[in-house]
Number of protein chains: 2
Amino acid sequence: MRTLKYAILGLINREPMTGYDITKEFNSNVLANFWYANHSQVYPELSKLIDEGSISFEVVIQGEKLEKKLYTITEKGRKDLMKWLVKDDPLEATPKDIFRLRAYFSDFLDLDELSDLVKQQKLKHVQKLESLQRIMDRTYPVPPSVKTREFGDFIVLESAIMREKYYINWLDDYLSHISRA
Amino acid sequence: MRTLKYAILGLINREPMTGYDITKEFNSNVLANFWYANHSQVYPELSKLIDEGSISFEVVIQGEKLEKKLYTITEKGRKDLMKWLVKDDPLEATPKDIFRLRAYFSDFLDLDELSDLVKQQKLKHVQKLESLQRIMDRTYPVPPSVKTREFGDFIVLESAIMREKYYINWLDDYLSHISRA
DNA sequence: GGGTACATGTAACTCGTTACATGATTCC
DNA sequence: GGAATCATGTAACGAGTTACATGTACCC
């Protein structure tokens with residue numbers, strides 16, 4: 001499906017970037033909530049995109065002699081990205097979830113052990129939620145308006161927060177079933 | 001992380017199964033909501049588990065001469081599974097989400113186009129939710145008690161339903177931001 | 001001078017999907 | 001007899017992770 005291709009095109013479309021910059025974005029606290037990649041995946045993909053003519057680059061000298069490649073999207077790349085953005089694909093397969101898999105097989109654990117496991121899991125999600133909420137409060141005390149770049153950041157951050165809340169709700173529900181037994 | 005290994009062990013631990021049976025489970029409407037694999041992944045993994053001594057098999061003749069392999073978990077396999085079930089691992093990386101990635105880059109689409117995209121996506125999630133809800137109503141009109149095998153099915157199905165609801169909430173939230181613009 | 005961050009690449013390996021390949025059984 | 005399902009495998013490829021490998025720039 002070449003999703004990494006479009007993730008990279010989307011970033012470069014905003015402004016020219018180096019492979020290093022792109023990798024940093026993929027590991028930032030907003031984007032990493034729904035897409036990420038290591039530099040070892042990014043650099044080969046950039047070569048591919050050059051071969052395909054979706055991007056071009058110019059070598060920039062940093063300091064004395066450090067060469068970095070600043071990538072820019074081409075007209076072909078931009079068209080390709082646009083087409084991908086509005087494509088009507090069927091729903092992706094549900095993402096895998098190891099904790100759910102464990103829950104599925106946990107019928108032969110004893111109740112105290114199971115309860116501890118679920119509480120441990122809940123704690124982790126509560127901490128993650130708090131961290132996301134802090135970022136939101138700090139960065140977007142007021143929601144930015146649609147059609148600004150900030151709105152993209154805002155709406156996916158909101159989504160990540162809602163996801164953690166739902167997961168915590170599920171774990172609470174799970175715990176209530178256990179304690180009722 | 002060998003998660004497939006434990007998914008298979010978890011299934012065989014319930015009762016002896018063939019590779020075909022396991023594959024069917026992975027594509028059933030409950031388990032597939034958080035774990036799945038094709039037969040081309042299952043058969044090689046079964047060979048590995050035999051080599052490791054986690055499972056054993058017996059050949060059963062179906063009809064005249066069709067040989068099928070019925071796999072059973074060994075003591076080693078069961079211990080391994082038990083250890084995995086109660087392991088306290090850090091939270092998994094957030095699952096990737098292509099629709100969120102598209103939302104992230106959508107600031108240069110026009111509002112009608114964006115609104116249509118989000119509505120399309122919502123429709124798909126509403127349909128999925130309805131399908132999950134039907135399975136739930138049909139199969140578990142009353143929640144089964146903890147410590148039964150049915151409870152595993154029930155609690156992960158509940159989770160899948162809650163996930164769809166949250167996703168729909170997010171899309172509604174998204175739409176409200178768009179229409180306010 | 002030293003540590004951290006900047007910057008780019010390749011190699012080996014695991015995991016997962018799609019396609020190739022074959023044959024038996026069951027039900028109509 | 002034919003179609004759907006049961007049943008088991010391998011091959012080729014694509015995606016993703018960890019490790020290997022190298023060098024510069026910037027700040028203290």
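Letters A, B, ... are given to chains in the order of the sequence lines, protein chains preceding strands, and every chain is numbered from 1.
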Answer with base, sugar-phosphate or nothing: what part of the nucleic acid does [X] contact at a heavy-atom distance below 4.0 Å?
X: B:Lys5; value: nothing
X: B:Gln62; value: sugar-phosphate
X: B:Thr18; value: sugar-phosphate

Whichever of A:Arg2 and B:Ser47 has its nearest DNA chain D nucleotide further upstream toward 5': B:Ser47
First of B:Lys68 and B:Pro44 reached from the 5' end of DNA chain D, by closest nucleotide: B:Lys68
Kindly say if [X] contacts the phosphate of [N], meaning a side-chain N or O under 4.0 Å from OP1 or OP2.
X: B:Gln41; N: C:dT17; result: yes
X: B:Tyr20; N: D:dT8; result: no
X: A:Lys24; N: C:dC6; result: yes

First of B:Glu45 and B:Asn38 reached from the 5' end of DNA chain C, by closest nucleotide: B:Glu45
Donor + acceptor pair across side chains of A:Asp137, A:Gln133 (<3.5 Å): yes
Distance-only donor-acceptor check, side chains A:Thr94 and B:Lys128, under 3.5 Å: yes
Which nucleotide in D:dG16, C:dA7, C:dT10 has an atom nearest any side-chain atom of B:Lys96: D:dG16
Nucleotide nearest A:His39 when distance is taken to its side chain, options C:dA7, C:dT8, D:dG9: C:dT8
Atom [atom1] of [X] and atom [atom2] of [N]: how far apart are they, to the nearest Å?
X: A:Met1; N: C:dT17; atom1: CE; atom2: P; result: 11 Å
X: B:Leu66; N: C:dT22; atom1: CG; atom2: P; result: 17 Å
X: A:Lys65; N: C:dC6; atom1: NZ; atom2: C1'; result: 15 Å
X: A:Tyr43; N: D:dG23; atom1: OH; atom2: P; result: 16 Å
X: B:Tyr36; N: C:dC15; atom1: OH; atom2: P; result: 15 Å
X: B:Lys69; N: D:dT8; atom1: NZ; atom2: P; result: 8 Å
X: B:Glu64; N: C:dT25; atom1: CD; atom2: C1'; result: 10 Å
X: B:Lys48; N: D:dT8; atom1: NZ; atom2: C1'; result: 18 Å

Ring pair (Phe, Tyr, Trp, His ring centres under 6.0 Å) partner of A:Tyr71, the single match among A:Phe57, A:Tyr20, A:Tyr43: A:Phe57
Polar side-chain atom of A:Arg100 near backbone of B:Ala160 as donor-acceptor pair, under 3.5 Å: no
Salt bridge A:Lys124-B:Asp88, side-chain N to carboxylate O under 4.0 Å: yes
